[in-house]
A.B. asks: 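This is the structure I want to talk about, given as structure tokens.
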Amino acid sequence: MANTKYKELVSLFYNKIKDYDLASLPEETANEIAISYIDSACNQFQSCSQSLDRDDIMQEFETELNKDIKDTLVNYMVIEYIDSNYLKTSQALKARLSSSDFKSLNLPQQLSKVMELRSMLKSENDQLAINKSYKESKLFDIVTNRKKV
């Protein structure tokens with residue numbers, strides 16, 4: 001069984017986002033940006049049932065990750081992408097622009113919608129991570145009333 005390579009997650013990540021600015025970058029640069037989201041994704045996925053230990057030099061995980069874990073990590077990568085490209089950028093603009101300029105660019109509404117989207121994605125992915133990580137647990141069965149234990 002081969003270890004999961006970062007590039008595999010990066011490929012799945014590209015399938016979830018549509019960013020023409022990222023696509024216009026040289027492939028190596030775009031991949032470095034996408035790979036930079038992996039560390040944060042692993043930190044957010046605290047309930048993972050597999051080890052997320054990785055070798056940054058070889059750019060691979062120390063195990064073969066199953067499909068569910070890859071999907072969950074990629075979802076966390078998308079959340080980090082939204083944070084770094086939309087939330088932090090908008091908040092930096094808010095700090096630099098006058099309030100009238102910030103409002104005239106319609107940024108408050110955009111920032112509000114992005115924050116709402118990010119919150120929804122994070123909540124859904126956290127619940128998905130919990131469901132997948134503990135699906136074989138008797139405690140999970142009791143809490144969710146899936147089966148009578």
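Because the structure is predicted, anything quoted here is derived from the model rather than measured.
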A.B. asks: Are Asn31 and Tyr14 close enough that a side-chain donor and a side-chain acceptor fall under 3.5 Å?
C.D. replies: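 Looking only at side-chain atoms, Tyr14 and Asn31 do form a donor-acceptor pair, the distance falling under 3.5 Å.
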A.B. asks: Could you work out, with salt bridge (charged side-chain N to carboxylate O under 4.0 Å, His left out) as the rule, every residue matching Lys7, not counting sequence neighbours?
C.D. replies: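 Once residues adjacent in sequence are excluded, Lys7 has no partner under the salt bridge (charged side-chain N to carboxylate O under 4.0 Å, His left out) criterion.
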A.B. asks: What is the distance from atom CG of Asp68 to atom CD of Gln50, rounded to the nearest 0.5 Å?
C.D. replies: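 Rounded to the nearest 0.5 Å, the CG-CD separation comes out at 9.5 Å.
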A.B. asks: Just by distance, no angles: are the side chains of Tyr81 and Asp19 close enough, under 3.5 Å, to form a donor-acceptor pair?
C.D. replies: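 Yes, side-chain donor-acceptor contact under 3.5 Å.
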A.B. asks: What's the spacing between Asp53 CG and Cys42 SG if we round to 0.5 Å?
C.D. replies: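 Atom-to-atom, Asp53:CG and Cys42:SG are 9.5 Å apart.
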A.B. asks: Taking NZ in Lys18 as the centre, count heavy atoms belonging to other residues, nucleotides or ligands within less than 6.0 Å. Is the count above 12?
C.D. replies: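 Above 12, so yes.
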A.B. asks: Supply the atom-to-atom distance Ile35 CD1 to Asp56 CG, rounded to the nearest 0.5 angstrom.
C.D. replies: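 Interatomic distance, Ile35 CD1 to Asp56 CG, rounded to 0.5 Å: 9.5 Å.
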A.B. asks: Any chance you could lay out the side-chain contact (heavy atoms from CB on, under 4.5 Å) test for Val78 and Asn125, step after step, and finish with the verdict?
C.D. replies: CA-CA 11 Å; Val78 170; Asn125 204 50; over 6 Å; no
A.B. asks: Is a side-chain donor or acceptor of Ser123 paired with a backbone partner of Ser119 at a separation under 3.5 angstrom?
C.D. replies: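 Checking the backbone N and O of Ser119 against the side chain of Ser123, no donor-acceptor pair under 3.5 Å is found.
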A.B. asks: In Å, rounded to the nearest 0.5 Å, how long is the span from CG of Leu25 to CD1 of Ile33?
C.D. replies: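 If I round to the nearest 0.5 Å, the distance is 5.0 Å.
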A.B. asks: Please round to the nearest 0.5 Å and tell me the distance separating atom NZ of Lys16 and atom CG of Leu121.
C.D. replies: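 If we round to the nearest 0.5 Å, Lys16:NZ and Leu121:CG are 9.0 Å apart.
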A.B. asks: Side chains of Leu22 and Thr29, heavy atoms from C-beta outward: is any pair under 4.5 Å?
C.D. replies: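 No, side chains not in contact.
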A.B. asks: Check Glu80 with Lys122, please: is the shortest side-chain N to carboxylate O separation under 4.0 Å?
C.D. replies: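 Between Glu80 and Lys122 there is no salt bridge, as every charged N stays at least 4.0 Å from the carboxylate O atoms.
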A.B. asks: Any link between Val10 and Met58 through a network of hydrophobic side chains (Ile, Leu, Val, Met, Phe, Trp, Tyr) touching at under 4.5 Å?
C.D. replies: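 Shared cluster, no.
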A.B. asks: Would you mind reporting whether Leu9 and Tyr37 have side-chain heavy atoms less than 4.5 Å apart?
C.D. replies: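 Tyr37 vs Leu9: side chains apart.
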A.B. asks: Do Phe61 and Tyr6 make the cut of ring centroids closer than 6.0 angstrom?
C.D. replies: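 Ring-ring flag for Phe61/Tyr6: true, centres closer than 6.0 Å.
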A.B. asks: Would you say the side chains of Tyr76 and Asp71 form a donor-acceptor pair under 3.5 Å?
C.D. replies: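 Side-chain D/A pair, Tyr76 to Asp71: absent.
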A.B. asks: Can you confirm whether Gln44 sits close enough to Met77 that some side-chain heavy atom of one is under 4.5 Å from a side-chain heavy atom of the other?
C.D. replies: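 Heavy-atom side-chain distance check fails, nothing below 4.5 Å.
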A.B. asks: Check Asp21 against Ser24 and note the closest heavy-atom contact, atom names and distance.
C.D. replies: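 Closest approach of Asp21 to Ser24, heavy atoms only: O-OG, 2.7 Å.
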A.B. asks: Working to the nearest 0.5 angstrom, can you tell me the gap between Ser51 OG and Leu65 CG?
C.D. replies: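 Reported value, rounded in 0.5 Å steps: 8.5 Å.
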A.B. asks: Considering residues at least two apart in sequence or located in another chain, which fulfil the salt bridge (charged side-chain N to carboxylate O under 4.0 Å, His left out) criterion with Asp39?
C.D. replies: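 Counting only residues at least two positions away or on another chain, Asp39 forms a salt bridge (charged side-chain N to carboxylate O under 4.0 Å, His left out) with Arg54.
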A.B. asks: Apply side-chain contact (heavy atoms from CB on, under 4.5 Å) to Ile79 and Arg118, showing your working.
C.D. replies: CA-CA 6 Å; Ile79 292 166; Arg118 189 238 184 249; 3.8 Å; yes
A.B. asks: Do the non-hydrogen side-chain atoms of Leu12 and Leu73 ever get within less than 4.5 Å of each other?
C.D. replies: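 Counting from C-beta outward, Leu12 and Leu73 never come under 4.5 Å.
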A.B. asks: Evaluate the side-chain proximity of Thr63 to Thr4: yes if any heavy-atom separation is below 4.5 Å, no if none is.
C.D. replies: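 Contact flag for Thr4/Thr63 side chains = no.
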